[in-house]
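What follows is one structure encoded as structure tokens, with my remarks underneath.
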Amino acid sequence: MALVDHHCHGVTTQALDAAGFETPLGLAIRRHCAPVLDLPAHVPAAEYLDRRSALGPAEVTRRFLATTGTTHYCVDTGFRPQGLTSPEELAAVTGARAHTLVRLESVAEALAADGVEPDAFVAGFAQRLEAAARSAGAVGVKSIAAYRVGLDLDPARPTPQEATAAARAWLHRGPAAGGWRLDDPVLTRVTLAAAVQLGLPIQFHIGYGDADIRMHRVDPSLLTGWLHSHRVPVLLLHCWPFQRQASFLAAVHPHVHLDVGLALHYVGPTRAAAVLAEAAELTPFGKLLYSSDAFGLPELYHLAALTFRRALTDLLSARVDAGEWSGADAERIAHLVGAGNAARVYRLAEARG
Ligand SMILES: [Zn+2]
């Protein structure tokens, strides 16, 4: 079954270090990734690393990404430290198609870095976003409001006075130590209003993330007011531990979709089927998508696809074995979840990339 990976990041060409193996992920790599490099499962870390460097980064990347059966990658280019592949480079190395997702906060931060005047922020942002999406042939945009301000967003578009005052305060405050960081709720609403105007699907980070996440502020049900006010396609990403809330939202709002991509990395293979099953409890089958949320290590793309395929197979075969569904229905649903839904929502047949 071919996959469309509707949210991932670039691949790093940097080497893997030995310390990374002393984790559950390290064990999964020795178990499931070693055979892709022609080594026995559970090979010692040192041998794995030797083989990896003998093959070289390009061959390692090509092998792992080929195992995923991914025909399209939708790449979030907003968070790109040195050495990550661009969508074009990812396409070149895999032979798959790669599309761009524009991160709203990154566009706002670049605008601030270029010295925008507070009263020009709203128009300037809309212009930049449109230009960034057009030049990359973007298939969607991504919001990390969850990380920065939480999801309890006033659905109304800020008035020009509100927006200018917020821009003045934020620009006056200046960049943080790591550079400009959009963390103002009014300006976040400005970025979302421009995204709605643009009309592309909007991905929202939901739930699990790094230490910046305030878990009580990233429950997707906090977006309910916003979802009632806007009708562009919305994709709730990852969602753990709120996959049931996300599932409810997808069931009642025609434009809401979800995945549990990142969550499957962390809950491990034995719980992945259960988490996917919770996400699928209410979600119509036309609304559930696959993402790897892989970032950097080519091994992560391989493990994500493997975990997802197993979890989906477990879920569907349980229903077929129980006599609830026919094999043909299960197969049709597998293709929708693995590829068809993403192809439809992001209009990939018409997309550049
Ligand atoms: Zn991501």
Side-chain angles (χ1 to χ4, degrees), residues 3-12 25 64-65 68 70 72-87 89-90 94 96 98-109 132-133 136 138-151 178 181-182 188 191-192 195 200-213 215 218 220 223 233-243 246 257-267 272 275-276 279 288-305 307-308 342 345-346 353:
L3 294 178
V4 171
D5 187 346
H6 91 108
H7 178 88
C8 66
H9 301 262
V11 182
T12 180
L25 175 63
F64 281 120
L65 273 65
T68 66
T70 303
H72 299 256
Y73 294 92
C74 299
V75 185
D76 175 358
T77 54
F79 186 57
R80 196 187 163 196
Q82 213 68 29
L84 279 196
T85 55
S86 67
E89 290 164 335
L90 192 60
T94 58
H99 309 282
T100 298
L101 301 164
V102 175
R103 195 181 280 203
L104 299 176
E105 290 77 5
S106 305
V107 173
E109 288 156 3
V139 295
V141 302
K142 155 103 185 271
S143 165
I144 53 165
Y147 276 104
R148 301 293 178 80
V149 297
L151 297 175
R181 189 173 187 280
L182 185 72
T188 296
T191 68
L192 288 169
L200 290 175
I202 303 178
Q203 298 187 347
F204 281 94
H205 179 99
I206 303 289
Y208 191 99
D210 67 27
D212 280 347
I213 289 289
M215 200 52 106
V218 297
L223 271 181
V234 166
L235 294 298
L236 306 175
L237 300 181
H238 323 316
C239 298
W240 189 94
F242 304 114
Q243 60 271 17
H257 311 73
L258 68 122
D259 75 54
V260 286
L262 177 65
L264 298 188
H265 287 299
Y266 289 98
V267 300
V275 169
L276 188 64
L288 191 60
L289 279 70
Y290 165 68
S291 83
S292 67
D293 200 30
F295 181 99
L297 282 186
E299 280 87 346
L300 297 177
Y301 300 75
H302 171 67
L303 290 172
T307 307
F308 171 77
V345 174
Y346 296 99

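Both counts, for ligands and for their atoms, begin at 1 and track the order of listing.
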Worksheet item: Counting only protein atoms, how many N/O/S atoms are less than 2.8 Å away from the Zn ion (ligand 1)?
Response: 3
Worksheet item: For the rings on His205 and Tyr147, is their centre-to-centre separation under 6.0 Å?
Response: yes
Discussion item. Quick one: does any side-chain atom of Gln203 pair with a main-chain N or O of His6 as donor and acceptor, under 3.5 Å?
Written reply: yes
Item to complete: Can you tell me which residue pairs pass the salt bridge (Lys or Arg N to Asp or Glu O under 4.0 Å) test with a partner in residues 139-150, sequence neighbours excluded?
Response: Asp76-Lys142, Glu109-Arg148
Worksheet item: Parallel, tilted or perpendicular for Tyr290 and Phe308, by the 30°/60° rule?
Response: tilted
Response to the item:
In short, Thr188 meets Thr191 closest at the heavy-atom pair O-OG1, 2.6 Å
Practice prompt. Find out whether Leu235 and Asp259 are in side-chain contact, i.e. whether some heavy atom of one side chain is under 4.5 Å from a heavy atom of the other.
Written response: no
